[in-house]
Amino acid sequence: MKNTLKILSFFRNVVFLKWSSQIVFLVGLLYIIWSYIQNAVVNLEQTNIAFSWGWLGETPGVSIAEGMYTLPNSGRQMLQVGMLNMLRVTVTGIFAATFLGTFLGIARLSKNYIVEKTSTGLLEVVRNVPLLVQIFFFQAFVLTFPRLEVSDAGTYNFHVSAKGIAFPWLNRQPTAYLFWVYLLVILILANRIYKWRVKILEREGRETRPFLWSIGIFIGLLIAGWYGGYRVMGVIGFLAKYISTGVDLLPAIFYQTLFSSIAVFIGFRSTKKFIDTKKSEEAQGIYSDDDYFKIILNVIVVLLVVVLMFSSVGLGLSNFLVGDEIVFKADWGVPQFFDGVNNKLYWNPEAKIVLDAQLDGMKRADIINWIAVPGTEVTKGDVVAIATAKDLKGDLNQEISIYAKYTGVIEEVFVSNGDTVKVDEKTYDIRVTDSKPLELSRPRVEQIGTTSFKKYAVGYGKSLSVGYFAIWLGVVLYTAIFISEVVRAGIMAVSKGQSEAGLSLGLGRGALLRLVVLPQAIRVMLPPMGNQYLNLAKNTSLGIAVAYPEIVAVGQTLYNQEGQTLPVFLIWMAFYSTVSLTISTIINYYNRKMKIVER
Amino acid sequence: MVDLIKKNSKLLRESLFSSVGSSVLTIATTYLVINFFRGMLGFALTSDKDWLAVLNNMQLYMVQAYPEEDFIRVWLSVGLTFVLAGLSIGIWRSDDRVKSSQVFNSLFKGGLGVLFFTIIAPTNSSFMGNDGSVITEEVFSMDTRLGILIPVAIFCAIFFSLRFTNIDFSVNSSDMVFFYLFIPVALLWFIKLPTIQLDQNNERIIPDPVMPIAETTKIPWTVIFVSFLVSYFVGMYLKNIKSIKSIMSLSWFLLPLLIFSWIFKKPQIDMSVVLGSDLPVFGVFLLWGFLVITFVNNTIFKKYYSAYLGVTFLLTLVGVFSGLPMLAKTCLLLIALFSVVVPAVSTSSQGKRSLLIVWAVALVTLTFLLRGGASDSGIVVPGSSIFGGFSLTWLLAIFGTYVSFPLGVLLALGRNSKLPIIRIVCTGIIELTRSVPYITWLFFASVTLAVFLPAGVEFNLIVRVLMVTAFFSGAYFAENIRGGLQSIPKGQYEAADAIGMSPFQKISLIIMPQALRAVIPTLVSSAITAFKDSSLVTIIGLFDFLTIGKTVIGNQSIPVNFVGHDRENLIFVAIVYWIFTFTLSRRSMKVEKKLGLGER
Amino acid sequence: MSIIQTKNVKKWFGDFQALKGISMDVAEGEVLVIAGPSGSGKSTFIRCINRLEQHQEGQIIVDGIELTNDLKNIEAIRSEVGMVFQSFNLFPHLTVMQNITLAQIWVRKKNRSEAEEKAMELLERVGIPEQAQKFPGQLSGGQQQRVAIARALAMEPKIMLFDEPTSALDPEMIKEVLDVMKELANSGMTMIVVTHEMGFAKEVADRVMLFDDGMLVEENTPEEFFNNPKSDRTKLFLSQIL
């Protein structure tokens, strides 16, 4: 009797109940998941489409309307194009929406009746109409304009047609990358100079004009850079080449061990740091389930990395580092753009050119002879190289001349692997770099080959496709409206007393907003602002509706081609999670920074 | 009156021209706004727009390809909704009154708006032809302008002067609803516009004959309006009946289910099955429920209550895996759950009565749904699905919210739970679902979901979309509700523990009511987002409201060529969406204010 | 016969030990006042008695039932022990009447009219019958605390625990709550009161205890405690508080 009572009381034990119910739940859940996966396996077997990632390496055989590569040579490259297209909208969109949203938010608080009502009216319209309808509307708006074919070929200041919108733009030349790096470096330098002058000011109590100093030096360096000085950064390419050669020399096992020990070290340090913070007086050494979970997660991640490193994955990675790929990349990939110092001629007899339009069935060309040598002067239209155009199978077909695109001194001539070269009446332009990294040019309408179709010439001005225009304007306006609400709420959250204190110090309305209200409001605004950025990033997926090739549209094209819906879905999930995580990490970073300032 | 003008002009000066910067802003904004509206009006009025493309396709917009002989089902659904709405407005009739001066004022302002647009409308407008040439034409002649201006100006003057007379009465604000609805219904009879008519050879009669805009629908709409009005008075009469409010809430809850089954199926019911199998099962379970309700708090029965529960659950378990008819299985499950709830409620005779009603209603609904659901439908629709146009948009919005809300509550509770495994799983589900845009989930529904289902099981695309939507908006609801849960102080949990409540009682009686009340605004905005997001199904090829406007009509060439007239339709679609979301958000703001008052 | 018995009760929050072995007895009908500086573990101790906190070592026996992980024992003890909190913890979405009847209906399974009758009776006892239909947010702090007491009494507990019931109140409201507590004490209810109100302790308590650093420092009758304390810690405490 007593024993049965004991057993009964065991079943009534709260600890037992807590864990048994959870385990039952987990087992049930796992069973359901397992049975669905089982279904998937059976179903896929029946339809003869086994789950695979092989298509990532295969040539998809479809073209993309716009992006880095219009004729991607692998599924992987095609996805990259989609991702970059998505990021292009997201990143520029976030800046534009923030700017416009802040402006609208302040307008909604304006004392001016008409300004306030107009911005509120805009808000009510944009907020209450589905984004997709708005995007369709913007698309329809551009499509109202006549077809490009009715315009004459030639150069315009501004051009709108059913194919898109084109306007003058600073187009980057091959060495522009060097200039961006240069710009970044001098920005950091100007910031440092500002801080240095402020330090002197604080220490010695004399006026040191920190702002003037930093802006002056910045402008001076900028001018110097624009006229050729930026090529100092070429040293990076120089270093990259040596480093990559060095990396190549070490054996694979070295990298496996190195990465494993780095993982162990980082895992150990973060766990230790975490435990140390919990030991502080405030935390009283209390660990919640979450904390244990974090520690366990740390351990699991570290173990996973170590196991992966010594499995085929790690071996593949190490072999990749040891193999020729990195050196090759340093030669032909990104670092080549840093190679501004030694002004040498790149001539790789193996170099392939992807032609951006079909020329009698030709899709790529191989350079067979460079005529131009660095240091010589060419005028626009001079022949710089001879190449053979080939069709996709690689059969030799016909010889073409490559013409200089600009007049100037040749400093380097190169065609990287897979670079796109322009078609112009059966001849190809090759760019001659002159000293400017960016060049202002006006849009140009040109004939496609010998057909009656026309297009905006690549590299002349900037042309936005209908899809890009519609999705960009759509998400920017839509997000800006929500941001304006966030800004308004943020400003209203700053107490009236703060404004009054500012006014009593004699600040003007503008200065009050800039110096007192906004810095405080930003603290309130940051988290909801981050949510809006996340929404913007997700909303770019509507690009598929207006034929803008972002990741979802590209993914759909791919699975229509290959039938692999599940892997594509997993890639979408991974990509969007990464983007979301990145955005929220950045927002959290600023949020934390703001909070530290507060103390 | 002079004072008023003085006061207003002073206000005007202060708000518009207080400083140089402000004056510049005022002028610039006014210029922009006027030009925007001029452009829009000019755009709408040019002869290359064919607004008949919108007007002539109303049926397509509303129900797509639903067979005409079954339209009565749609009308009945709409009518039932309006009757319920009328009853509810009558029962919850507010005591707020609208003053006559307010009414005059809004009429005056409306008139002013019309005047404004009439004045700024451009006389000439141009559009671009296909060859790129610009065609300019007169779109708004002086005669038309004056023809509108003069009567409207008189209208404005009347209402403006009425404000200063001694006429002073007030109208109940609930009554105003009928006034607002009366105008469009009356207009259906009187407004005449050119409509597209075909002759015997299926050729368009030119010029278009001028006919009332709602030749076919004005009678049903009028009947619905009248029954709306009648049910309003009935509602006022029923107001004082006890528990009428809970009955109404229950009816609103059941209405979508009823309409869904009503429109979806014309059940071809085999009466022999009904009499032979359904009726006995129904009777047995009705009796069972009745016995449980009557005797559960009897002292003798109470002793063996646990044993009874055990036996019932065992029976259910056995029954579910046996060869019983579907109805019996479901009823068994229901009675088991019902038996758990009964003892707490069935303490008074009133409680017993309402329990019995609930049980009977639940059984009737279940029997009807199961029998109807299992039978073949008599409605045959050419093309993909029965639902299309606005009815599909509505279905997605309502059912999306309907299914996802309880799911959201569960996920939020799971994520807030103290049990680590449940918390981690729920967090994972919520975050994974939210990390990806809705459109990728829709693709998942349309192409991937089928892979995971057991062989032979197939769902209609609409059902798959609903399944995915439930999860997607459920995750968003969960995050909103979690915000509410976190706003509840720990003391509330402790107080509930201290008076001996079980975890279930604690959540359902103390925590949830407070948490939900705290997040009503965010819940409503989430529901509005769900409504707007339902338009995304157009991308996966469902024929929702937007698809009809953008794609279907834009490619319509029979009987009249409307190809390329998608801009007019897009504007129409945008306006309809706008009306619904705008009204919804305004209403929710009012409700929010009311609740805020009641709370403290 | 003691109604509450604790033996060597210990409790840790992570590394921090909140209770370092508390042993005591409370007799039926006794009024026990626990005093001590903040952070001394007195609140934690009485929260352990009705299992709002979980003790990790030692024994707590309430009315012959030992408090273990057994669900049935926890339920039984909670139904015998009523608790009043520092921050009232009334349910803000329910009226005063609903606050008091809720647990009677759902936990005690009484019918509504019975429960309402009982609630009115209790509201009269705490002196605010006219507030029955108001929401807690419309009442003053003192009135809220009296409703909280009524809510706890509605469960007909044998023991009442008070966790600093007057700390969150304005001075003029403290008296009305203390009056209700005095009346309750005089009616023979077993009470454990954590409070800083030394006047209340002198007047009503049968015994006074001093907690410090998770330990029971002194246990005495009120006269002895205030006039002739045994330990130096008590003297120090009294000199600071009086």
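These numbers come from a predicted model, not from an experiment.
- Residue A:Val129 touches chain B through both its backbone and its side chain, counting heavy-atom pairs closer than 4.5 Å.
- No side-chain donor from either of A:Asn535 and A:Tyr478 sits under 3.5 Å from a side-chain acceptor of the other.
- If you tally non-hydrogen atom pairs under 4.5 Å between each of A:Leu566, A:Asn128, A:Leu44 and chain B, the highest count goes to A:Asn128.
- Neither the backbone nor the side chain of B:Ile579 comes within contact range of chain A, judged by heavy atoms closer than 4.5 Å.
- One N or O on the side chain of B:Arg423 and one on the backbone of B:Ser417 form a donor-acceptor pair closer than 3.5 Å.
- Using a 4.5 Å cut-off between heavy atoms, B:Ala450 touches chain A through its backbone atoms (N, CA, C, O) alone.
- Contact of A:Tyr113 with chain B is made through backbone and side chain together, with heavy-atom distances under 4.5 Å.
- The number of heavy atoms from other shown groups lying within 6.0 Å of CZ (B:Phe116) is above 12.
- Proximity to chain B is limited to the side chain of A:Phe25, based on heavy atoms less than 4.5 angstrom apart.
- Side chain of A:Thr144 to main chain of A:Ala140: a donor-acceptor pair is present (N/O by atom type, distance under 3.5 Å, no hydrogens or angles).
- Listed options B:Thr448, B:Ile421, B:Ile439, B:Leu546 were ranked by heavy-atom pairs under 4.5 angstrom with chain A; first place goes to B:Ile421.
- For the set B:Thr30, B:Val425, B:Val576, B:Val33, the count of heavy-atom pairs under 4.5 angstrom toward chain A peaks at B:Val425.
- Under 3.5 Å, the side chains of A:Thr557 and A:Asn560 contain no donor-acceptor pair of N or O atoms.
- Looking only at heavy-atom pairs under 4.5 Å with chain B, the residue among A:Val579, A:Val125, A:Val42 that has the most is A:Val125.
- With a 4.5 angstrom heavy-atom cutoff, A:Ser541 touches chain B via backbone and side-chain atoms both.
- With a threshold of 4.5 angstrom between heavy atoms, B:Leu570 approaches chain A through its backbone and through its side chain.
- The closest side-chain donor-acceptor pair between B:Tyr438 and B:Thr469 falls under 3.5 angstrom.
- Between the A:Gln134 side chain and the A:Val126 main chain, a donor and an acceptor come within less than 3.5 Å of each other.
- Geometric assessment of A:Lys538 against the ring of A:Tyr576 yields a negative cation-pi assignment under the 6.0 Å and 45° thresholds.
- No donor-acceptor contact under 3.5 angstrom links the side chains of B:Thr529 and B:Lys532, judged on distance only.
- Between chain A and the options B:Ser435, B:Ser535, B:Ser585, heavy-atom pairs under 4.5 Å are most frequent for B:Ser435.
- Heavy-atom pairs under 4.5 Å with chain B peak, among A:Glu124, A:Gln556, A:Arg127, at A:Glu124.
- For the set B:Ile422, B:Val436, B:Val451, the entry with the most heavy-atom pairs within less than 4.5 Å of chain A is B:Val451.
- B:Thr538 touches chain A through its side chain: at least one heavy atom from C-beta onward sits under 4.5 Å away, while N, CA, C and O do not.
- In this structure, chain B has a heavy atom under 4.5 Å from the side chain of A:Gln139, while its backbone stays farther away.
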Check step by step if side chain to side chain contact (heavy atoms under 4.5 Å, CB included) holds for A:Val475 and A:Leu131. CA-CA 8 Å; A:Val475 293; A:Leu131 177 56; 4.3 Å; yes
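- In terms of heavy-atom pairs under 4.5 angstrom with chain B, the leader among A:Trp572, A:Tyr559, A:Phe136, A:Phe141 is A:Phe136.
- Residue contact with chain B, scored on non-hydrogen atoms closer than 4.5 Å, involves the side chain of A:Leu29 exclusively.
- Looking at A:Glu149, its side chain does come within 3.5 Å of a backbone N or O of A:Lys454 through a donor-acceptor pair.
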